[in-house]
*Asks:* 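Take this structure first; my questions come after.
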Amino acid sequence: MSAIEYVEKVLADVKACSPGQDEFYQAAEEVLHSLVPLLEKEPKYEENGILERIVIPERSMIFRVSWVDDAGKVQTNFGYRIQFNSAIGPYKGGLRYHPSVNLGIIKFLGFEQIFKNSLTGLQIGGGKGGSNFDPKGKSNNEVMRFCQAFMTELYRHIGETKDIPAGDIGVGAREIGYLYGQFKKITGSFEGVLTGKGLNWGGSLTRTEATGYGSVYFAQNILKKNGLDIKGMRCAVSGSGNVATYTIQKLKEVGAIPVTCSDSRGMIYHEKGIDVTTLKAVKEVGRQSLEAYAELHEDAVYTPVHSYPEDRNAVWDVPCDIAFPSATQNELNLEDAKALHKHGCKLVNEGANMPSTLEAVEYMQSNGILFGPAKAANAGGVAVSQLEMSQNASMERWSFEEVDEKLHKIMKNIFDAAYNTSVEFGKEGNLVMGANIAGFRKVADSMIDEGAI
Ligand code: NDP
């Protein structure tokens with residue numbers, strides 16, 4: 001069987017065995033297609049059935065989470081933890097709380113996590129979890145009771161050398177605190193079983209900032225390779241959560257001008273640059289809509305989602321030099337990519353997981369837009385999570401500067417691995433292919449070493 005036939009056969013099996021899991025299929029298609037040149041060169045992966053194995057999680061937990069709301073009514077949600085691949089280390093990946101969460105979304109995120117974690121050069125396997133619980137509009141007590149109920153099942157599946165969850169959409173410092181408290185209550189063990197912890201109880205400096213900062217460091221590596229400087233560049237950022245906020249903060253620090261941010265209800269265009277203090281006050285502290293940002297800055301323009309065509313994202317119509325999609329999956333489609341190209345965008349650097357559709361990526365690559373794929377560009381978060389695990393295990397505490405320095409090096413190493421692999425396979429600068437092959441190779445070789453399990 002040729003390499004492409006092998007890939008198509010595995011993808012057909014994925015489709016047949018996971019009906020309705022569109023996002024998972026999309027992630028599998030992107031990764032497997034870009035592996036073809038490696039599979040042509042190295043028949044051992046087909047001989048050892050690596051693709052057939054790598055697309056199936058080692059273990060999937062789906063569980064009921066029942067909790068009582070403030071009105072005394074019993075509410076029930078789905079809980080998920082997918083332990084996808086532990087060939088190179090314990091499962092590691094965040095928990096997402098969002099009403100759109102289903103098995104396909106968690107599988108796509110867990111699958112991506114395998115290769116991202118491998119790329120960091122650290123010993124961490126891939127996993128992901130979450131729930132269709134929506135923290136929006138819930139009281140603190142409701143969020144606490146939900147997190148306690150979620151952990152009451154999850155605790156039996158995780159451990160500091162087994163599976164170490166973290167945050168993702170809808171799971172920030174507050175939720176990690178409630179989850180950790182319940183883990184400790186049930187097990188009686190104070191261990192580094194979650195990352196993104198508070199600084200008083202085992203968290204790492206720089207973890208909050210890591211994904212956004214790392215995304216900017218990755219973009220700087222791409223620009224440098226192409227003889228460009230980020231200083232003075234106008235940047236369109238989507239999202240206004242953890243990743244977007246700290247992307248914007250770092251962009252300002254390095255002399256770029258982030259002019260947009262967005263949430264599920266609308267977007268802000270602020271020509272002179274997003275004010276980070278206001279952004280944090282509105283989203284991190286107030287948990288409000290971005291409309292409140294425009295009320296505090298007369299020169300900022302608010303565009304509600306409902307005033308825009310359903311299949312377009314207003315952020316990508318803003319002329320920019322760099323785009324940082326940092327909200328959610330499939331938020332940048334083919335039409336958005338064309339708009340970015342028309343306005344002279346030089347680089348799209350993915351902060352969110354799989355924010356660009358396959359068609360958009362193809363268009364950007366064939367029209368000369370530089371492209372930083374998510375599993376490389378946003379790997380700073382999980383990398384610093386692993387540094388949090390190291391500090392917990394050795395009972396040490398590193399300074400902000402120390403961790404930031406390590407993050408810088410890790411992002412440079414990821415860029416070098418992806419870039420050098422793209423050169424090795426004759427597609428210089430194709431970081432999608434480079435990141436996928438570099439991430440896959442280490443995991444696949446480990447799977448071969450560890451036998452047919
Ligand atoms: P947050 O929950 O902190 O923020 C998410 C942001 O995206 C919010 O502004 C939210 O708007 C917006 N958003 C969420 N869903 C949608 C949607 N369906 N349509 C439009 N906007 C939406 O999450 P993070 O910042 O942590 O995560 C953002 C992305 O980055 C995700 O893809 C995540 O998987 C990825 N990522 C996160 C890492 C981390 O360390 N946190 C690490 C690596 C990747 P609203 O406020 O209205 O809900």
*Asks:* Would a distance-only check, ignoring hydrogens and angles, find a side-chain to backbone donor-acceptor pair under 3.5 Å from N367 to Y363?
*Replies:* yes
*Asks:* Which pair of heavy atoms, one from G129 and one from I106, lies closest together, and at what distance?
*Replies:* O-CD1, 3.4 Å
*Asks:* Answer whether the closest heavy-atom distance between the side chains of I222 and F415 falls below 4.5 Å.
*Replies:* yes
*Asks:* Is the ring centre of F190 less than 6.0 Å from the ring centre of Y180?
*Replies:* yes
*Asks:* Run the side-chain contact (heavy atoms from CB on, under 4.5 Å) test against K409 and tell me which residues pass, sequence neighbours left out.
*Replies:* E405
*Asks:* Evaluate the criterion side chain to side chain contact (heavy atoms under 4.5 Å, CB included) for residue pair I248 and C261; output intermediate values, then yes/no.
*Replies:* CA-CA 9 Å; I248 289 170; C261 60; 3.9 Å; yes
*Asks:* Could you tell me if Q386 and T120 have a donor-acceptor pair between their side chains, going purely by distance under 3.5 Å?
*Replies:* no
*Asks:* Donor-acceptor pairs under 3.5 Å, side chain of residues 169-179 to any protein atom, not counting sequence neighbours: which ones?
*Replies:*
from : atom 1 : to   : atom 2 : distance (Å)
R174 : NH1    : N140 : OD1    : 2.7
E175 : OE1    : G172 : N      : 2.9

*Asks:* Would you verify whether the NZ or CZ of K138 falls within 45 degrees of the ring axis of F133 while also being under 6.0 Å from that six-membered ring's centre?
*Replies:* yes
*Asks:* Does a sphere of radius 6.0 Å around NZ in K280 hold more than 12 heavy atoms from other residues, nucleotides or ligands, not counting ones at 6.0 Å or beyond?
*Replies:* yes
*Asks:* So, N85 versus Y91: side-chain donor-acceptor pair below 3.5 Å or not?
*Replies:* no
*Asks:* Does M233 reach the side chain of L251, with side-chain heavy atoms less than 4.5 Å apart?
*Replies:* no
*Asks:* Would you find a donor on one side and an acceptor on the other, under 3.5 Å apart, between the side chain of N117 and the backbone of K92?
*Replies:* yes
*Asks:* Looking just at side-chain N and O atoms, do N353 and K375 make a donor-acceptor pair shorter than 3.5 Å?
*Replies:* no
*Asks:* Applying salt bridge (charged side-chain N to carboxylate O under 4.0 Å, His left out), which residue pairs with at least one partner in residues 209-231 are found, sequence neighbours left out?
*Replies:* none
*Asks:* Tell me, do L340 and C320 make a side-chain contact under 4.5 Å, heavy atoms counted?
*Replies:* yes
*Asks:* Are K406 and E401 close enough for a salt bridge, meaning some N to O gap below 4.0 Å?
*Replies:* no
*Asks:* Indicate yes or no for a side-chain donor-acceptor contact from S34 to the backbone of V31 under 3.5 Å, with no hydrogens or angles considered.
*Replies:* yes
*Asks:* Keeping the roles fixed (side chain from S399, backbone from E402), state whether a donor-acceptor pair exists under 3.5 Å.
*Replies:* yes
*Asks:* Please report the shortest heavy-atom distance between G214 and L407, naming the atom on each side.
*Replies:* N-CD2, 4.1 Å
*Asks:* Go through E350 and L332 one step at a time and tell me if the side chain to side chain contact (heavy atoms under 4.5 Å, CB included) criterion holds.
*Replies:* CA-CA 10 Å; E350 296 188 318; L332 195 164; over 6 Å; no
*Asks:* Would you say the side chain of D22 lies within less than 4.5 Å of the side chain of Y25, judging by non-hydrogen atoms?
*Replies:* no
*Asks:* So does E362 get a backbone contact from the side chain of S366, meaning a donor-acceptor N/O pair under 3.5 Å?
*Replies:* yes
*Asks:* As an exercise, state the distance from CD of Q26 to OG of S356, rounded to the nearest 0.5 Å.
*Replies:* 9.5 Å
*Asks:* Are C345 and W316 side-chain neighbours, meaning at least one heavy-atom pair lies under 4.5 Å?
*Replies:* no
*Asks:* Can you name the nearest heavy-atom pair linking M433 to F425, along with the distance?
*Replies:* SD-CB, 3.9 Å
*Asks:* For Y217 and H408, take the angle between the two ring planes, folded into 0 to 90°, and tell me which bin it lands in: parallel under 30, tilted 30 to 60, perpendicular over 60.
*Replies:* parallel
*Asks:* Considering residues, nucleotides and ligands other than E153, do more than 12 of their heavy atoms fall under 6.0 Å from its CD?
*Replies:* yes
*Asks:* Salt-bridge test for R207 and E388: reply yes if a basic N is under 4.0 Å from a carboxylate O, no otherwise.
*Replies:* no
*Asks:* If I compare all heavy atoms of K184 with all of S189, which pair ends up nearest, and what's the gap?
*Replies:* CG-O, 3.6 Å
*Asks:* I'd like to know if the side chain of D336 reaches the main chain of N333, judged simply by a donor and an acceptor atom lying under 3.5 Å from each other, with no hydrogens or angles considered.
*Replies:* yes
*Asks:* Which atom names give the shortest non-hydrogen contact between N242 and T208, and what distance separates them?
*Replies:* ND2-O, 2.9 Å
*Asks:* Would you say the side-chain atoms of E331 pair up with the backbone N or O of A327, donor to acceptor, closer than 3.5 Å?
*Replies:* yes
*Asks:* What I want to check is whether the side chains of Y419 and N430 have a donor and an acceptor closer together than 3.5 Å.
*Replies:* no
*Asks:* Is it the case that the side chain of T357 and the backbone of N330 share a donor-acceptor pair, with hydrogens and angles ignored and the cut-off at 3.5 Å?
*Replies:* no
*Asks:* Strictly by modelled atom types, are N132 and S100 linked by a side-chain donor-acceptor pair under 3.5 Å?
*Replies:* no
*Asks:* Would you say the side chains of T245 and E284 form a donor-acceptor pair under 3.5 Å?
*Replies:* no
*Asks:* Check whether any side-chain heavy atom of N141 sits under 4.5 Å from a side-chain heavy atom of M144, and report yes or no.
*Replies:* yes
*Asks:* Side-chain donor-acceptor contacts of residues 266-274 below 3.5 Å, not counting sequence neighbours, with atom names and distances?
*Replies:*
from : atom 1 : to   : atom 2 : distance (Å)
Y269 : OH     : R234 : NH2    : 3.2
H270 : ND1    : Y293 : OH     : 2.7
H270 : NE2    : D299 : OD1    : 3.0
H270 : NE2    : D299 : OD2    : 3.3
K272 : NZ     : D299 : OD2    : 3.4

*Asks:* When you measure from the side chain of K346 to the backbone of L370, do you find a donor-acceptor pair of N or O atoms at a distance under 3.5 Å?
*Replies:* no
*Asks:* Begin from the C-alpha positions of Y97 and N77 and carry the test side chain to side chain donor-acceptor pair (under 3.5 Å) through to its verdict.
*Replies:* CA-CA 10 Å; Y97 292 170; N77 291 96; over 6 Å; no
*Asks:* May I ask you to check whether Q83 and S60 show a side-chain donor-acceptor distance below 3.5 Å?
*Replies:* no
*Asks:* Determine, step by step, whether L51 and L35 satisfy the side chain to side chain contact (heavy atoms under 4.5 Å, CB included) criterion, reporting the C-alpha distance in whole Å, the side-chain angles of both residues, the deciding distance to 0.1 Å, and the verdict.
*Replies:* CA-CA 10 Å; L51 294 191; L35 296 177; 4.0 Å; yes
*Asks:* Classify the angle between the aromatic ring planes of F150 and F63 as parallel (below 30°), tilted (30 to 60°) or perpendicular (above 60°).
*Replies:* tilted
*Asks:* How about F24 and F111: are their ring centres within less than 6.0 Å of each other?
*Replies:* yes
*Asks:* Do Y308 and D317 pass the side chain to side chain contact (heavy atoms under 4.5 Å, CB included) test, and can you show the C-alpha distance, the side-chain angles, and the key distance before you say yes or no?
*Replies:* CA-CA 11 Å; Y308 226 70; D317 273 336; 2.5 Å; yes
*Asks:* Can you tell if the side chain of S204 reaches within under 4.5 Å of the side chain of W398, non-hydrogen atoms only?
*Replies:* no
*Asks:* Is it the case that the side chain of S118 and the backbone of I114 share a donor-acceptor pair, with hydrogens and angles ignored and the cut-off at 3.5 Å?
*Replies:* no
*Asks:* With rounding to the nearest 0.5 Å, note down the distance linking OH in Y80 to CG in L103.
*Replies:* 6.0 Å
*Asks:* May I ask you to test the H341-M364 pair for a side-chain heavy-atom distance under 4.5 Å?
*Replies:* no
*Asks:* Closer than 4.0 angstrom, basic N to acidic O: yes or no for D416 and K412?
*Replies:* yes
*Asks:* For S139, give me all partners under side chain to side chain donor-acceptor pair (under 3.5 Å), at least two apart in sequence or on another chain.
*Replies:* D70
*Asks:* Would you mind checking if R265 and E291 are paired as a salt bridge, meaning a charged N to carboxylate O distance below 4.0 Å?
*Replies:* no
*Asks:* Does anything in residues 158-169 pair up under salt bridge (charged side-chain N to carboxylate O under 4.0 Å, His left out), and if so which pairs, sequence neighbours excluded?
*Replies:* R81-D163, R96-D168, K128-D168
*Asks:* For side chain to side chain donor-acceptor pair (under 3.5 Å), just list the numbers for E191 and N392, CA-CA rounded to whole Å, side-chain angles, deciding distance to a tenth of an Å, and then say yes or no.
*Replies:* CA-CA 8 Å; E191 57 177 275; N392 291 163; over 6 Å; no
